[in-house]
Amino acid sequence: MSASAGTGVFMLSLTSIPFCYLFNSLIYSNSAEALWFAGCATVLILTISGRFILKKKSPVDPLFYVFAVYSFLSVVNLIIGLEQDNIIDGFVTFYLREAKPHVNSAHGHMVSYWEGCVHYLMYLLMIAAITWGDSYRAIGLYWVGSFLMCAMVYILGNAVGKYGTDVGPLFILHMLYILVSVWACFRIFSQPPSWDVQLIDIKEVPRTKLFHRPLDLMFIIYLIPALAFCVFRGLIVLDCTSQWCHDYSHHFEPYLKDPSGYPKVQMLVSMLYSGPYYIITLYGLLVPGCEWMPDLTLVHSGALAQAQFSHIGASLHTRTPFSYRVPPDSQAIFLLVNVLYTLVPQALCYRCCTQPAFFLKQTLEKKNE
């Protein structure tokens with residue numbers, strides 16, 4: 001398949017920049033000239049992009065077109081984040097004024113950057129893989145975890161937080177995006193794994209004891225305090241009366257008590273899903289043949305990366321009320337703990353995906369041979 005399809009998608013995503021500026025100007029100027037210019041530019045750019053995308057052989061995978069649209073929207077999210085920080089102006093001014101309040105919250109601000117940078121990169125990588133005929137299941141599973149965390153916090157946070165009464169037509173439109181994304185998640189899960197492992201490695205690795213696998217031993221040691229940490233923060237947002245919970249939330253993470261509802265939902269989701277994950281992962285690192293380990297670590301790593309990026313950024317952002325921001329004298333400890341809590345699972349995911357022999361069963365691999 002020609003690489004022009006992927007190039008066309010990349011060019012199409014960049015057209016969101018003039019689109020946003022033109023339509024924002026159109027709304028404010030309310031002139032026929034602006035409308036005519038915006039319409040002509042839209043037709044011209046879509047025609048050129050369509051020629052790139054459909055030149056020679058068009059992609060068969062329907063997710064190609066889904067990710068093409070999502071890459072366009074990701075650039076729009078990046079524009080929203082930049083305009084909120086006053087780095088640019090005049091692109092989405094009207095939208096920020098009229099949109100749902102969630103967008104202007106600290107959490108929504110960080111989600112805009114995550115969508116505009118990390119998700120955008122993942123969309124382009126998956127589109128390139130589809131164009132070249134390669135497997136994109138690993139990147140897709142990472143995106144699945146990130147999307148699911150973002151969607152759960154968004155829906156539940158709007159339901160229980162102070163923005164719950166501001167649900168409007170844009171929320172319904174966002175639900176359509178979530179439904180399409182859920183369908184995309186099932187499509188990614190249905191793809192076969194593509195582990196490149198020699199049979200001799202599978203025969204030898206299960207015989208290796210834990211003490212002969214120092215890296216896995218370090219991960220197991222990490223998982224125990226990580227489990228305690230995610231449960232501890234979950235208890236804080238549930239208003240635990242323990243003095244430890246009160247002191248930690250007051251001195252290190254007052255954002256956990258923010259009335260927006262997003263940090264509360266995020267910590268509860270982490271406790272209810274990350275907690276069992278750490279226990280299951282302990283088992284997977286101890287017992288050979290757990291073939292679900294690479295997939296599970298990919299999904300969880302994506303979810304945790306998205307959650308921690310939003311949480312760390314919102315805890316320090318100026319859009320968060322001063323009383324709920326991390327105190328200046330506690331920022332070093334806050335960043336150290338949360339960054340380690342974010343990065344170690346990424347390293348565990350990398351280990352499971354690049355050296356999966358310990359997690360594969362010998363009987364299945366013999367059939368493949």
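Counting heavy-atom neighbours within 6.0 Å of Y21 OH, excluding the residue itself, gives a total of 12 or less. For H251, the NE2 atom sits in a packed shell: over 12 heavy atoms of surrounding residues, nucleotides or ligands are nearer than 6.0 Å. By the neighbour-count criterion of 12 heavy atoms within 6.0 Å, atom OH of Y273 is sparsely surrounded, having that number or fewer from other residues, nucleotides or ligands.
Between S105 and S260, every side-chain heavy-atom pair lies at or beyond the 4.5 Å cut-off. Counting only heavy atoms from C-beta outward, the side chains of D61 and Y136 approach each other to under 4.5 Å. In this structure the side chain of E115 never reaches within 4.5 angstrom of the side chain of L78, judged on heavy atoms. Side-chain atoms of V118 and S146, non-hydrogen and from C-beta on, never get closer than 4.5 Å to each other. Using a 4.5 Å heavy-atom threshold, the side chains of F359 and W292 count as separate. Between L335 and L316, some side-chain heavy-atom pair lies under the 4.5 Å cut-off. With a 4.5 Å cut-off on side-chain heavy atoms, H317 and R325 do not count as touching. The shortest distance between side-chain heavy atoms of Y123 and L63 does not fall below 4.5 Å.
Side chain to side chain, H300 and S274 meet the donor-acceptor criterion of an N or O pair below 3.5 Å. Between the side chains of S310 and Q306, at least one donor-acceptor pair of N or O atoms lies under 3.5 Å. A donor-acceptor pair shorter than 3.5 Å can be found between the side chains of S13 and Y120. Residues Q191 and S135 bring no donor and acceptor atom of their side chains to less than 3.5 Å of each other. Between the side chains of Y248 and E253, at least one donor-acceptor pair of N or O atoms lies under 3.5 Å.
The CG atom of L304 sits 9.5 Å away from atom CG of L343, with the distance rounded to the nearest 0.5 Å. Here the straight-line distance linking atom CZ of F358 with atom CG of L360 works out to 11.0 Å at 0.5 Å rounding. In this structure, the separation between CG on L227 and OG1 on T281 is 10.5 Å, given to the nearest 0.5 Å. Taken from CG in L141 to CH2 in W143, the straight-line distance is 10.5 Å, to the nearest 0.5 Å. The CZ atom of F232 lies 8.0 Å from the CH2 atom of W244; values are rounded to the nearest 0.5 Å. Note that the SG atom of C245 and the CG atom of L256 stand 10.0 Å from one another [nearest 0.5 Å].
H311 and F334 have tilted rings, their planes meeting at an angle from 30° to 60° on a 0 to 90° scale.
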Subject >> side chain to side chain donor-acceptor pair (under 3.5 Å) assessment of N77 paired with H119 >> reply: CA-CA 10 Å; N77 277 290; H119 277 186; over 6 Å; no
Subject >> Check against salt bridge (Lys or Arg N to Asp or Glu O under 4.0 Å), D239 and K257 >> reply: CA-CA 9 Å; D239 297 326; K257 299 293 185 178; 2.9 Å; yes
Subject >> Q346 vs Y142, side chain to side chain contact (heavy atoms under 4.5 Å, CB included): CA-CA, chis, key distance, verdict >> reply: CA-CA 10 Å; Q346 313 304 314; Y142 197 89; 2.7 Å; yes
Do any side-chain atoms of residues 176-189 form donor-acceptor pairs under 3.5 angstrom with protein atoms, and if so which ones, sequence neighbours left out?
{"from": "S181", "atom 1": "OG", "to": "Y70", "atom 2": "OH", "distance (Å)": "2.8"}
{"from": "S181", "atom 1": "OG", "to": "Y177", "atom 2": "O", "distance (Å)": "2.8"}

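Criterion: ILVMFWY side-chain heavy atoms under 4.5 Å apart, direct or through other members. Under it, F229 and L238 are part of a common hydrophobic cluster. Hydrophobic clustering (side-chain heavy atoms under 4.5 Å, transitive across Ile, Leu, Val, Met, Phe, Trp, Tyr) groups M175 together with V69.
A cation-pi geometry, defined here as NZ or CZ lying under 6.0 Å from the six-membered ring centre and within 45° of its normal, does not hold between R213 and F219.
Close placement of the F19 and F72 rings is indicated, their centers lying within 6.0 Å of each other.
Among residues two or more places apart in sequence or in another chain, the ring pair (Phe, Tyr, Trp, His ring centres under 6.0 Å) test is passed with F309 by W114.
Between the side chain of Y113 and the backbone N or O of G81 there is at least one donor-acceptor pair closer than 3.5 Å.
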